[in-house]
Amino acid sequence: MPGDESPPPAPLARAEQFIWLTARVLEQRRFAFHFLGGDADAVDAALGAYLGDDGGYGHALDPDLRGPLSQPLHTAHALRVLDSLGRCAGQRIERLCRHLTGLSTPEGALPLVRPAPRDHPVAPYHPVRDDPPGELLTTGPVVGVLHRNRIWHAWLFRATDFCWERIETLRHSHPYEVQSAVAFLDGAPDRARAAAAADRLGRLVRERHLVVLDPGRREEYAPAPGYAPGELLFPHDYARRPESLARSWFTDEEMRRSLDFLAAEQQPDGGWPVRRRAWAPGSSLERRPIATLEALLTLRAYGRPVGAAGPPAAGPPTVSPPAPGRPR
């Protein structure tokens, strides 16, 4: 009957259904921790399944690198998870830093992909080299998280110098490298130097059109070389939280448009899309729940309403979205 229609499910309820249907155990437990009052121990246990005997992380923790080998991109992913739990400390991190020491290039930085004794599938946009150079793309996020958690290890001194030198001399870059620079600057202990570097980097991002300032005109922007069609970054991709140094790069109106666009990107199945090139079915499937978690966390950090999760299901989840439940 007219007037009896139920209100549409809240974004969080729709996302919850998507997570239960598609996500790995790690992302399921992360969702429960961040939005359902779940236990941090459960997230930690799930992350432990990716920990290797060498103290690094592997087993496709970052979906773009398959196989068991510990890789720097996996380490960056693991540290973001541990940081969100408040558990980036202790002997586990000490052992991880020893592992990173062994991976580092002569300049003290981390390569993009560590050569493997056996070939394992890797995304084509992450080339495997016999003697890979150090990259800000991998080193910046790792060093930034460690500094933010007040970790001190001999490896960090040269890696920190590498990040400062790369960021302060950048003349040309691409969006993902800029994201990695922001991750370093947001955790760097020298806050005055970080603010100055961020200010220069923000000007470069705008001058080089590395950010879509108006999502309604995104067809006017060209992706960076090597990126997939439509693989563009927006203000919220750089400033994932309002306290990020990258937030000052954008006006309130630019950020509002960006967050409106992010909220509207939720798909009918409840998840958020992945704009990078699809290269393997498993990688694409695993990447979307990660993107969904990041979208929800960014929206919540900026005070955008995401609603409540759905009620506990009596059985296996179905494709139909659940009714909205009580707020947390």
Side-chain angles (χ1 to χ4, degrees), residues 72 75-77 79-84 86 88-89 93 97 100 107-110 134-214 224 232-259 262 294 297-304:
T75 293
H77 194 118
L79 286 173
R80 285 194 296 272
V81 174
L82 291 171
D83 185 40
S84 72
C88 192
I93 301 301
C97 287
L100 296 175
E107 56 200 340
L110 297 174
E135 298 277 0
L136 180 61
L137 191 70
T138 42
T139 312
V142 170
V143 175
V145 170
L146 292 175
H147 277 312
R148 184 162 59 250
N149 287 273
R150 294 184 172 87
I151 303 298
W152 290 102
H153 186 275
W155 173 76
L156 273 171
F157 290 97
R158 295 183 66 208
T160 300
D161 288 343
F162 169 86
C163 292
W164 280 126
E165 192 276 332
R166 283 295 175 93
I167 292 170
E168 292 177 335
T169 59
L170 271 181
R171 297 295 180 268
H172 303 279
S173 190
H174 60 91
Y176 294 138
E177 185 177 51
V178 173
Q179 277 188 319
S180 296
V182 171
F184 169 77
L185 295 173
D186 280 346
D190 188 338
R191 302 312 298 153
R193 186 178 181 182
D199 182 66
R200 193 187 71 83
L201 188 61
R203 292 196 299 272
L204 179 121
V205 165
R206 297 180 72 99
E207 291 166 1
R208 301 284 181 178
H209 305 290
L210 300 181
V211 59
V212 179
L213 296 173
D214 184 353
L232 303 165
L233 270 67
F234 301 81
H236 67 263
D237 290 309
Y238 293 108
R240 291 202 169 274
R241 299 185 63 84
E243 62 267 25
S244 171
L245 288 171
R247 175 60 184 89
S248 65
W249 300 352
F250 311 110
T251 67
D252 290 346
E253 177 62 17
E254 288 166 348
M255 186 57 71
R256 182 195 64 77
R257 288 197 300 253
S258 183
L259 293 169
L262 176 62
E294 290 176 348
L297 290 169
T298 296
L299 289 169
R300 187 172 71 177
Y302 280 94
R304 292 297 185 101

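Of all the heavy atoms in Thr160 and His147, the pair that sits closest is OG1-NE2, 2.8 Å. Summarising the geometry of Ala239 relative to Tyr302, their closest heavy-atom pair is O-OH, 2.7 Å, with the distance given to 0.1 Å. Of all heavy-atom pairs between Tyr238 and Leu210, the closest is OH-O, 2.6 Å. The minimum heavy-atom distance linking Trp155 with Cys97 is given by the pair CB-O, 4.2 Å. Across every non-hydrogen atom of Pro141 and Ala183, the tightest pair is CA-CB, 3.8 Å.
Residues satisfying the side chain to side chain contact (heavy atoms under 4.5 Å, CB included) test with Ala198, not counting sequence neighbours, are Leu185, Leu245, Trp249. Considering only residues two or more places apart in sequence or on other chains, Ala89 meets the side chain to side chain contact (heavy atoms under 4.5 Å, CB included) condition with none of them. Judged as a salt bridge (Lys or Arg N to Asp or Glu O under 4.0 Å), and not counting sequence neighbours, the contacts of Glu253 are Arg256, Arg257.
Residues Gln179 and Asp237 have side chains in contact (heavy-atom distance under 4.5 Å, counting atoms from C-beta outward).
With rounding to the nearest 0.5 angstrom, the NE2 atom of His77 is 10.5 Å from the CG atom of Leu79. Between the CZ atom of Phe162 and the CD atom of Glu135 there is a distance of 7.0 Å, given to the nearest 0.5 Å.
A salt bridge links Arg206 and Glu254; the closest N-O separation between the charged side-chain nitrogens and carboxylate oxygens is under 4.0 Å.
Ring-plane geometry between His236 and Phe234 is classed as parallel, the angle between the planes falling under 30 degrees on a 0 to 90 degree scale with a further cut at 60.
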